[in-house]
**Student:** 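Take this structure first; my questions come after.
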Amino acid sequence: MSSKFQQEQQRVDHVTEIIQERIYNLEKETSKRKDEVVKIRKHFWDEIKVNTDTFDDYLETIIGLRQEAQALSVSQTTHRHASNKLSTLRRMQHAPYFGRIDFIEEGSTDEEQIYIGIATLTNESGEDFLVYDWRAPISSVYYDYQPGAAQYTTPAGIIKGELEKKWQYLIHNGVLQSMFDTSITIGDEILQQVLGKGTDKHMHSIVATIQQEQNRIIRHDHGRLLIVHGAAGSGKTSAALQRIAYLLYKYRDSINADQIILFSPNSMFNSYVSNVLPELGEENMQQVTFQEYLNHRLSNEFQIENPYEQLEYVLTALDAPSYKQRVAGIRFKASTPFFEAIESYRKALETSGMLFKDIRFRGKPIVTGEEIANRFYSSDTSLRFHNRLERLRNWLLKKINETQKTERTEPWVEEEIELLSNEAYNNAHKYLAKKNGFQRESIADYEMEPDALARLIVQQKLKPLRKRIRTYRFIDMKGIYKQLFTNPLHIKQWLDEEPPTEWPDICQITLDEINNGKLLYEDATPYLLLNELIQGFQTNRTIKHIVVDEAQDYSPFQFEYLRRLFPAAKMTVLGDFNQAIFAHANEQVDFQTLTGLYGPEQTEVINLSRSYRSTKPIIEFTRRLMPNGDQIIPFDRDGDLPVLTRLESYAELHLVISSKVDELRGLGCNTIAIICKSAEESKRAYEALSNINDLKHVKNGSMEYEQGVVVIPSYLSKGIEFDAVIIYDASEIVYGDESLRRIFYTVCTRAMHYLQLYSVGEPTRLLQTVSNDQFIMA
């Protein structure tokens, strides 16, 4: 062992000892803080004297409450910070750092050794840095430069200097396993080792292996919109999650994890990426799917189709009589022209077309929808649309007040009073006494008049109606949306171009579904947009940053909606056009339309062309599946060629797959995916392969990413990687249509180490673009 290696091991030992000592001290502190929190919670009310007899007593009570709440909040915050620091130190004790740069600042002769890890560590005095956080300004030199002139940006300005050397370390359980000077070593040995590992059920942080192009994404810090277009396996999602960690570090005084939202493809993906930020010592951001947001807003009104149900229809219902029309509708309703048509339609509603529901009480109309419409269009037409609606709402609330006066003498009120239970009567008495100024001890002296009780009963009965009016639920949104489709010719007045030729059929399909209480996925965002344009956007200004993963699955319509929904947020968008598998994607998809969201000057596009996920033979195979595949650069990691096996029956297929799974398990594969085209095919495959030990069936709605052997439909495998992938049936019958090329490419690119394709009968024509020497025909 060289003396240099021994010195480095001694440094690792020294840093590890300091970390262990800090852990010991922090464990005592967190235990003490936890006891404090528990004690304050337990005795919270013991310390407060509740007295509301006089204003001074009431004030004293409020001040006491506030002081105790403040003490509890301080203790909880201190405990949380100490726990987070403890968690980070526990991770650092096994591998305190992973890199080092030797840097000489311009104007100095002293060489400074900068060790880089997942978090900052200083000596006892806090003056000397033992480890720098990978997000610190100077750490960017490690990712961006080879030895020679280098610079980094700090809040005070640009620091220039000379990068003398750059080292990488592999440390495991406090033991230095290898170290090398990356300026003289050819190849990415550490990256090779990391990528060669088997997967588990979570994605992990990549800070030790961040490449220069990924570092640009992580530290990008200008403009409103960052678009990352990258090949499958190029590290888009990993870089985006590290980007969130970087933003939380750099702007820790002005942004927290709750102010960042990740829009992910599905709930299972949320589970898959849930480990990355905690590994870096940060809290997880909010994670949501676009469908969850739609359900939150619309599920009380409709049964909403989800995107995977829509895609399942597109993949399996080719023989349905209205298939062609439905697909045309999906594409048109996702387009920018349809978005603009909705806006024009809303504008037209200022002069005619608004529909309102009858306001009824006890079966009788207080105001009919027609009367409301007449009022809306006959008064205050010079006001802005929303102000007119507000005035209309206030007018309706006055109508409710008038009804309250006339109804209290009706016979039904007397009947209600007679049917009141003792408890309800006493509650009403107490409420009215307090309302009339009686204190707690003198409530019994209050004599409740029958008229006051009658007023109260009518008021309570009218309460739901008042709530409906205040929340604009007297507007007939369903009827207004349906008007777009009742006459197919109407749409032309709001479009700058001709609608699709299938438009009359699209209209009928839409109306049939809405009349059955259902909302197709392609209608959900347009319906919500129209609702917001009429009633006012429910904007969220607390969110500072949103990240949209698998962005090619979002329509221009949906992006416009997100921009309006989060007006104060910056946006990071990640996608791969080659994986644009949803029906709204045109033959030529790109992010050109996105540059219009905030304007070209506020938008930057970063392309990632190198793919790291798969072995070189798998990437060479998959990139031949796409017309622009030559732009994808494989990382130089050796492995086996993909294998295509042709079989003559499904019975034979199931025997061979069972045997293949045993073989792959023997090779050390932790995650094996048997990928089917659709959920329908997945169900059949799962039932036929039930003899495979511990086989799991992943369905739409699965909440957690499962390790082991899974049967999964193509569209749920997006964004996830597996040690081995088995394409269940890559035959011409299943993947024979050119429109399935992107799906076929997507499923094949899920494989890290082994790719096995089976075909019952003739293999898909999509493989004709792949050279015979790039796979084995078995």
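The figures that follow rest on heavy atoms only: side chains count, while hydrogens, waters and symmetry mates do not.
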**Student:** Please step through side-chain contact (heavy atoms from CB on, under 4.5 Å) for the pair K482 and N515, ending with a clear verdict.
**Tutor:** CA-CA 9 Å; K482 279 164 65 175; N515 290 335; 2.8 Å; yes
**Student:** Should F775 and V770 count as side-chain neighbours, where that means a heavy-atom distance under 4.5 Å?
**Tutor:** yes
**Student:** Which pairs, with at least one residue in residues 519-529 and sequence neighbours excluded, count as a salt bridge (charged side-chain N to carboxylate O under 4.0 Å, His left out)?
**Tutor:** R326-E522, K333-D523
**Student:** Any sub-3.5 Å donor-acceptor pair from S714's side-chain atoms to K677's backbone N or O?
**Tutor:** yes
**Student:** Would you say the side chain of V573 lies within less than 4.5 Å of the side chain of L226, judging by non-hydrogen atoms?
**Tutor:** no
**Student:** Using the side chain to side chain donor-acceptor pair (under 3.5 Å) rule, take T615 and H753 through it: C-alpha gap first, then chi angles, then the decisive distance, then the call.
**Tutor:** CA-CA 6 Å; T615 60; H753 310 296; over 6 Å; no
**Student:** Calculate, to the nearest 0.5 Å, the distance between atoms CD1 and CG belonging to I304 and L294 respectively.
**Tutor:** 6.0 Å
**Student:** Which pair of non-hydrogen atoms, one from H229 and one from K236, has the smallest distance, and what is that distance?
**Tutor:** C-CD, 4.4 Å
**Student:** N295 and Q291: side-chain donor and acceptor closer than 3.5 Å?
**Tutor:** yes
**Student:** Enter the distance from N531:CG to I475:CD1 here, rounded to the nearest 0.5 Å.
**Tutor:** 8.0 Å
**Student:** If you round to the nearest 0.5 Å, how far is CD1 of I509 from CG of L520?
**Tutor:** 8.0 Å
**Student:** Hey, what do you get for CG (L625) to CD (Q768), rounding to the nearest 0.5 Å?
**Tutor:** 11.5 Å
**Student:** In chain order, what residues pass the side-chain contact (heavy atoms from CB on, under 4.5 Å) check against K683, with sequence neighbours excluded?
**Tutor:** E687, H697
**Student:** Checking the side chain of R623 only, and the main-chain atoms of I632 only, is there a donor and an acceptor separated by less than 3.5 Å?
**Tutor:** yes
**Student:** Could you work out, with salt bridge (charged side-chain N to carboxylate O under 4.0 Å, His left out) as the rule, every residue matching E762, not counting sequence neighbours?
**Tutor:** R646
**Student:** Verify the neighbour count for atom CG of L318: are there more than 12 heavy atoms of other residues, nucleotides or ligands below 6.0 Å?
**Tutor:** yes
**Student:** Per the side-chain contact (heavy atoms from CB on, under 4.5 Å) rule, which among I674, V734, V711, L757 passes with Y728?
**Tutor:** I674
**Student:** Give a yes or no on whether a salt bridge exists between R765 and E738, defined as a side-chain N under 4.0 angstrom from a carboxylate O.
**Tutor:** no
**Student:** Go through the steps to decide whether Y554 and Y561 satisfy the test ring-ring contact (aromatic ring centres under 6.0 Å, His included), and finish with yes or no.
**Tutor:** CA-CA 11 Å; Y554 287 71; Y561 184 80; over 10 Å; no
**Student:** Roughly how far, to the nearest 0.5 Å, is CD1 of I506 from OG1 of T501?
**Tutor:** 8.0 Å
**Student:** Minimum heavy-atom separation for R624 to Q774, with atom names?
**Tutor:** CG-OE1, 3.1 Å
**Student:** Is it true that E663 and K660 have a side-chain N and a carboxylate O under 4.0 angstrom from each other?
**Tutor:** yes
**Student:** Can you find a pair of side-chain heavy atoms, one from F338 and one from S335, that are under 4.5 Å apart?
**Tutor:** yes
**Student:** Do you know which two heavy atoms are closest between F621 and L767, and how far apart they sit?
**Tutor:** CZ-CD2, 3.5 Å
**Student:** Checking side-chain polar atoms at under 3.5 Å, does S264 have a donor or acceptor matched by the opposite partner on D549?
**Tutor:** no
**Student:** What pairs with W494 under ring pair (Phe, Tyr, Trp, His ring centres under 6.0 Å), at least two apart in sequence or on another chain?
**Tutor:** Y345
**Student:** Has E721 got a side-chain atom pairing as donor or acceptor with G233's backbone, closer than 3.5 angstrom?
**Tutor:** no
**Student:** Please determine if K478 forms a cation-pi arrangement with F302, meaning its NZ or CZ atom is less than 6.0 Å from the six-membered ring centre and no more than 45° off the ring axis.
**Tutor:** yes
**Student:** Any donor and acceptor pair, going by atom type alone, linking the side chain of Q552 with main-chain N or O of D576 inside 3.5 Å?
**Tutor:** yes
**Student:** When you measure from the side chain of E532 to the backbone of L529, do you find a donor-acceptor pair of N or O atoms at a distance under 3.5 Å?
**Tutor:** no
**Student:** For D694, what residues pass the salt bridge (charged side-chain N to carboxylate O under 4.0 Å, His left out) criterion, not counting sequence neighbours?
**Tutor:** K696
**Student:** Are any of the side-chain heavy atoms of L533 and E343 separated by less than 4.5 Å?
**Tutor:** yes
**Student:** Could you go step by step and tell me if L262 and V288 meet the side-chain contact (heavy atoms from CB on, under 4.5 Å) rule?
**Tutor:** CA-CA 6 Å; L262 168 65; V288 70; over 6 Å; no
**Student:** Applying side-chain contact (heavy atoms from CB on, under 4.5 Å) to I672 and I726, what does each step give before you reach the verdict?
**Tutor:** CA-CA 8 Å; I672 303 167; I726 294 170; 4.2 Å; yes
**Student:** So which atom in Y313 and which in Y323 form the shortest heavy-atom distance, rounded to 0.1 Å?
**Tutor:** OH-CA, 3.4 Å
**Student:** Considering residues at least two apart in sequence or located in another chain, which fulfil the side chain to side chain donor-acceptor pair (under 3.5 Å) criterion with N540?
**Tutor:** T542
**Student:** Any idea which heavy atoms bring K718 and T746 closest together, and the distance?
**Tutor:** CG-CG2, 3.5 Å
**Student:** Less than 4.0 angstrom from a charged side-chain N to a carboxylate O is my criterion; do R331 and E502 meet it?
**Tutor:** no
**Student:** Which pair of non-hydrogen atoms, one from A688 and one from H654, has the smallest distance, and what is that distance?
**Tutor:** CB-CE1, 3.2 Å
**Student:** More than 12 heavy atoms of other residues, nucleotides or ligands under 6.0 Å from CD of Q286: is that the case?
**Tutor:** yes
**Student:** Can any side-chain N or O of N306 pair as donor or acceptor with the backbone N or O of E309 at less than 3.5 Å?
**Tutor:** yes
**Student:** Is there a side-chain contact between P763 and E732 in this structure, where contact means two heavy atoms from C-beta onward sitting under 4.5 Å apart?
**Tutor:** no
**Student:** Verify, without hydrogens or angle tests, whether T764 (side chain) and Y735 (backbone) share a donor-acceptor contact under 3.5 angstrom.
**Tutor:** yes
**Student:** Just wondering, more than 12 heavy atoms not from D496 lying within 6.0 Å of its CG?
**Tutor:** no
**Student:** Within the side chain of D723, is there an N or O that forms a donor-acceptor pair under 3.5 Å with the backbone of N670?
**Tutor:** yes
**Student:** Does the side chain of E560 come under 3.5 Å of the side chain of Q558 through a donor N or O and an acceptor N or O?
**Tutor:** no
**Student:** Apply the side-chain contact (heavy atoms from CB on, under 4.5 Å) test between N578 and each candidate in N628, T749, T622; give the one that qualifies.
**Tutor:** N628
**Student:** How long is the straight-line distance from CG of D662 back to CG of N693, given to the nearest 0.5 Å?
**Tutor:** 9.0 Å
**Student:** Is it true that a side-chain atom of S611 and a backbone atom of A232 form a donor plus acceptor pair closer than 3.5 Å?
**Tutor:** yes
**Student:** Could you tell me whether the side chain of I261 reaches within less than 4.5 Å of the side chain of M285, counting heavy atoms only?
**Tutor:** no
**Student:** We want to know whether Y293 and R297 form a side-chain donor-acceptor pair, criterion being a heavy-atom distance below 3.5 angstrom.
**Tutor:** yes
**Student:** Are S678 and Y308 side-chain neighbours, meaning at least one heavy-atom pair lies under 4.5 Å?
**Tutor:** no
**Student:** Any non-hydrogen side-chain atom of R750 less than 4.5 Å from a side-chain atom of R613?
**Tutor:** yes
